[in-house]
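What follows is a set of notes on a single structure, which appears directly below.
Convention: sequence-line order gives letters A, B, ...; per-chain numbering from 1.
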Amino acid sequence: MEKMKRTVTCGGLTAKNDGQTVILNGWVHRNRDHGGIHFINLRDRYGETQIVVDEDAPAELSEKAGSLKFEYCVAVEGVVRLRPESMINTEMATGEIEVSVKDISILNTCKTLPFMIEDETDSNETARLKYRYLDMRSKGMQDRIILRNKVTYAVREYLQKSDFLEIETPTLIKSTPEGARDFLVPSRLHAGRFFALPQSPQLYKQLLMVSGFDKYFQIARCYRDEDARGDRQLEFTQIDLEMSFVSREDIFKVTEGMMRHIFSESLGVELPVQFERLSYDDAMNLYGSDKPDLRFDMKFQDFAPYVAGSDFSVFKSVLESEGTVKALVVPGAAADYSRKKITELEETAKTYGAKGLAWMKVTADGLDGGVSKFYANQAEAICSGLGATEGDLILLMGASWKTACTSLGAVRSRLGKDLKLIDESIFKFVWIIDFPLFEWNEEEEAWEPAHHMFSMPQEQYLETMEQDPGPVKGDLYDLVLNGYELASGSIRVHDPELQQRIFNVVGFPKEAAEERFGFLLESFRYGAPPHGGMAAGLDRLVMIMAGKESIKEVIPFPKNSAGMSPMDESPARVDEIQLKDLHLDVILPEETE
RNA sequence: GGAGGCGUAGCGAAGAUGGUUAUCGCGCCGGCCUGUCAAGCCGGAGAUCGCGGGUUCGAGACCCGUCGCUUCCGCCA
């Protein structure tokens, strides 16, 4: 190897290198054999270089060139030369030059590939995951993994310069009942006991604040044993940070600064100095989502004022049962939206629990189609009230507040895509603030934490928190980017008494709290500083930056949607001896005959 | 747990209303070719049409079941 060690990479040669003797190492990306002359594109992560075995090359070399198949790993020695003027490839970074080959050494051959190595593969995901090491040879995957590296580097650079300390927290921890299901790790040394893998470093970073490390961050792997989604995996990575002696504004400032640095350094995109803010209530009422995509507008409007003056009984009964009736005006969509296409929108709404989707179209003479006959007498008032004009489609949703908002929100998202209202080239950040601290669980008939139990209630609600938990807003915030929840954070509780009051509201008895979080509560009794922080999803961030819709595209070795790896076939069964060591007995679900 | 979509050669796809030997592109094998860069041209091999059952003279197609993948809901921040 020493003799044929590379002196340059496949992306490094330009016209300036004309005449130099170089050695390249890389993979055969293409091999074009023209009979007497071979053009071979040699590829590595830095780029591609065309190497040429000329017509007057020795027969042995020519034959060797002909034998090079896709993805052979080779070393090549040759002389850089300028391409003839008319042969310059302007699409290629190294397109001005080529390397005239003097010697080829085959470092390794390659079997027939399961799929071609192309810039973006359209091969099926299972094959891509099974041969992930080949999939990652593609330019697209290489670019994304490299982008991910740039992002993590920018994170560290920015936070280190802002006096943050990168500190590791344990990944074998105590299982806690809140939130998602834990991954459990059986203990060999302690029969019947289990560690859990962390869903986040939450408790430990708070303890670091108690220790006085007033600015902490970590690029932390987290685990949740829940079903996968396009933007959710069993294991994922968070940019986790926490600060002491801060208010929400300090955390916003750091996060905004960090995002600006990330985007500027890794994409060359300049973000605004401050991100927009929207209260949770407004986000839900106007966009039907706590993670609204603000790259397009189309806000909801209140349709309640027109309900009483109509015979349309569905909406009347909705309002009687304290529900909401929302209107969504879709400009100019009347002609394009046939009954069939509206039914498709209705199906979207129904997946979010809506019973139906009412509609009408605005014509020159008033309202037409759908439920228009019920509102004919108010046509003018409705159109001017909603700002609807001829050719617009009006969609109406009546349901309980949350169902009305979320289902119409889903319709809005779909319309955004269908009508191409979204400018794909922009990055639209928005802080969603003033989240409710508690959420009423209908089934369990109990209050539960909307985020987690360690978030601070806003001061004005402290008096009434126990009597009336519903309206209590927390010092809680999410950062949303292009309709994805990118980060989530809060000012934490640092007072053990207040923490206990919150546990009480969500029906978490003192004994259970002590049992689970005793170490945290105890730490609060030793001069815990006020603190707060946030955690941002690294995978999602890089996914959005890369313009992809699945975090699998930015994770080197992801699991499939069933939570398995087609490559190593994990999770796998283990042998009896291992189980015995761990004091485990496995009961498989009954096998169907 | 539920709903939709998909499953045809190594890969990507076509295959109205059931009809003889299942089609195309890429890849693979062989040959030709002196400037290509998705090179081109000629020839060849390669498919129990996911699996099981059924309807039929006849099923890739229709029916039932089942498995796998995928997206979404539930779940999860």
Side-chain angles (χ1 to χ4, degrees), chain A residues 29-43 48-57 62 66 69-71 83-92 94-95 98 111-119 121-131 134-135 178-182 199-200 202 222-234 236 238 290-291 344 347-354 406-407 410 413-414 432 435 439 443 449-452 455 476-480 484-490 534-537 540 549-550 552 560-562 564 566 592-593:
Chain A
H29 190 63
R30 294 283 188 271
N31 186 355
R32 297 177 293 279
D33 174 1
H34 284 249
I37 184 167
H38 296 262
F39 299 101
I40 295 160
N41 286 22
L42 205 62
R43 188 200 71 240
E48 272 180 51
T49 300
Q50 172 165 286
I51 63 171
V52 185
V53 178
D54 289 306
E55 56 274 20
D56 55 3
S62 192
K69 309 295 181 191
F70 285 110
E71 297 304 310
R83 293 192 191 189
E85 189 88 29
S86 62
M87 305 305 164
I88 288 172
N89 185 342
T90 52
E91 305 284 295
M92 213 172 165
T94 59
E98 59 193 11
K111 284 172 66 176
T112 299
L113 295 163
F115 47 79
M116 286 283 88
I117 311 301
E118 288 171 303
D119 287 1
T121 182
D122 53 359
S123 188
N124 80 72
E125 195 173 279
T126 303
R128 290 182 60 197
L129 293 184
K130 181 167 180 185
Y131 300 97
L134 293 179
D135 188 39
E178 32 71 77
R181 269 186 282 267
D182 279 329
Q199 297 179 29
S200 84
Q202 184 64 32
C222 305
Y223 306 85
R224 290 185 184 146
D225 190 7
E226 297 291 348
D227 289 5
R229 281 287 188 285
D231 60 355
R232 269 164 40 190
Q233 283 263 310
L234 299 179
F236 58 101
Q238 293 208 318
D290 59 2
K291 43 184 164 64
E344 286 171 19
E347 290 305 316
T348 299
K350 281 180 175 173
T351 62
Y352 286 81
T406 53
S407 61
S413 298
R414 181 167 176 169
I432 307 298
F435 271 83
E439 227 168 34
E443 282 168 33
H451 273 61
H452 56 58
S455 297
L476 266 172
Y477 34 84
D478 279 1
L479 181 60
V480 171
Y484 288 95
E485 181 196 314
L486 192 63
S488 193
S490 66
M534 67 105 208
R540 280 184 197 170
E549 293 191 339
S550 166
K552 290 175 206 164
N560 66 15
S561 75
M564 302 178 79
T592 40
E593 304 285 320

### Query
Taking the C1' atom of each, how far is B/G46 from B/C37, in whole Å?
29 Å
### Message
Base, sugar-phosphate or nothing for A/K69? Non-hydrogen atoms, less than 4.0 Å.
### Response
sugar-phosphate
### Verdict with reasoning, A/M92 to A/N41, per side-chain contact (heavy atoms from CB on, under 4.5 Å)
CA-CA 11 Å; A/M92 213 172 165; A/N41 286 22; 4.1 Å; yes
### Message
I'd like to check A/F236 versus A/R224 (side-chain heavy atoms, cut-off strictly below 4.5 Å). Are they in contact?
### Response
yes
### Message
Less than 4.0 angstrom from a charged side-chain N to a carboxylate O is my criterion; do A/R232 and A/E226 meet it?
### Response
no
### Summary
chi for B/A16 classified (syn = within 90 degrees of 0, anti otherwise) as syn
### Task
Could you work out the separation of B/G15 and B/G68 based on their C1' atoms and round it to a whole Å?
23 Å
### Message
Using whole Å, what does the distance between atom C1' of nucleotide B/G4 and atom NZ of A/K350 come to?
### Response
15 Å
### Task
Measure the distance from NE2 on A/H29 to P on B/G27 and round it to the nearest whole Å.
12 Å
### Message
Protein within reach of the bases, or only the backbone? For nucleotides 35-47 of chain B, mark each nucleotide 5' to 3' as B, S or -, using heavy atoms under 4.0 Å.
### Response
BBBSB--------
### Message
For the CG atom of A/L476 and the NE2 atom of A/H452, what is their distance to the nearest 0.5 Å?
### Response
7.5 Å
### Summary
Checking N1-N3 plus N6-O4 or O6-N4 for Watson-Crick, or N1-O2 and O6-N3 for wobble, each under 3.5 Å, the partner of B/U17 is none
### Message
Would you measure the distance from the P atom in B/U71 across to the matching atom in B/U34 and give it in whole Å?
### Response
49 Å
### Message
Before you tell me yes or no, could you show the steps for A/R30 and A/F70 under side-chain contact (heavy atoms from CB on, under 4.5 Å), namely the whole-Å CA-CA distance, both residues' side-chain angles and the distance that decides it to 0.1 Å?
### Response
CA-CA 6 Å; A/R30 294 283 188 271; A/F70 285 110; 3.8 Å; yes
### Task
Apply side-chain contact (heavy atoms from CB on, under 4.5 Å) to A/H451 and A/D478, showing your working.
CA-CA 10 Å; A/H451 273 61; A/D478 279 1; 3.2 Å; yes
### Task
Provide the distance between the two P atoms, one in B/U23 and one in B/C29, to the nearest whole Å.
23 Å
### Task
Salt-bridge test for A/R128 and A/D135: reply yes if a basic N is under 4.0 Å from a carboxylate O, no otherwise.
yes
### Message
Does the protein touch nucleotides 69-77 of chain B at the base, only the backbone, or not at all? Give it as B, S and - per nucleotide, heavy atoms under 4.0 Å.
### Response
SSSSBBBBB
### Task
Assess whether side-chain contact (heavy atoms from CB on, under 4.5 Å) is satisfied between A/N89 and A/R83, documenting all intermediate values.
CA-CA 9 Å; A/N89 185 342; A/R83 293 192 191 189; 3.5 Å; yes
### Query
Do other residues, nucleotides or ligands put more than 12 heavy atoms under 6.0 Å from the CD atom of A/E549?
no
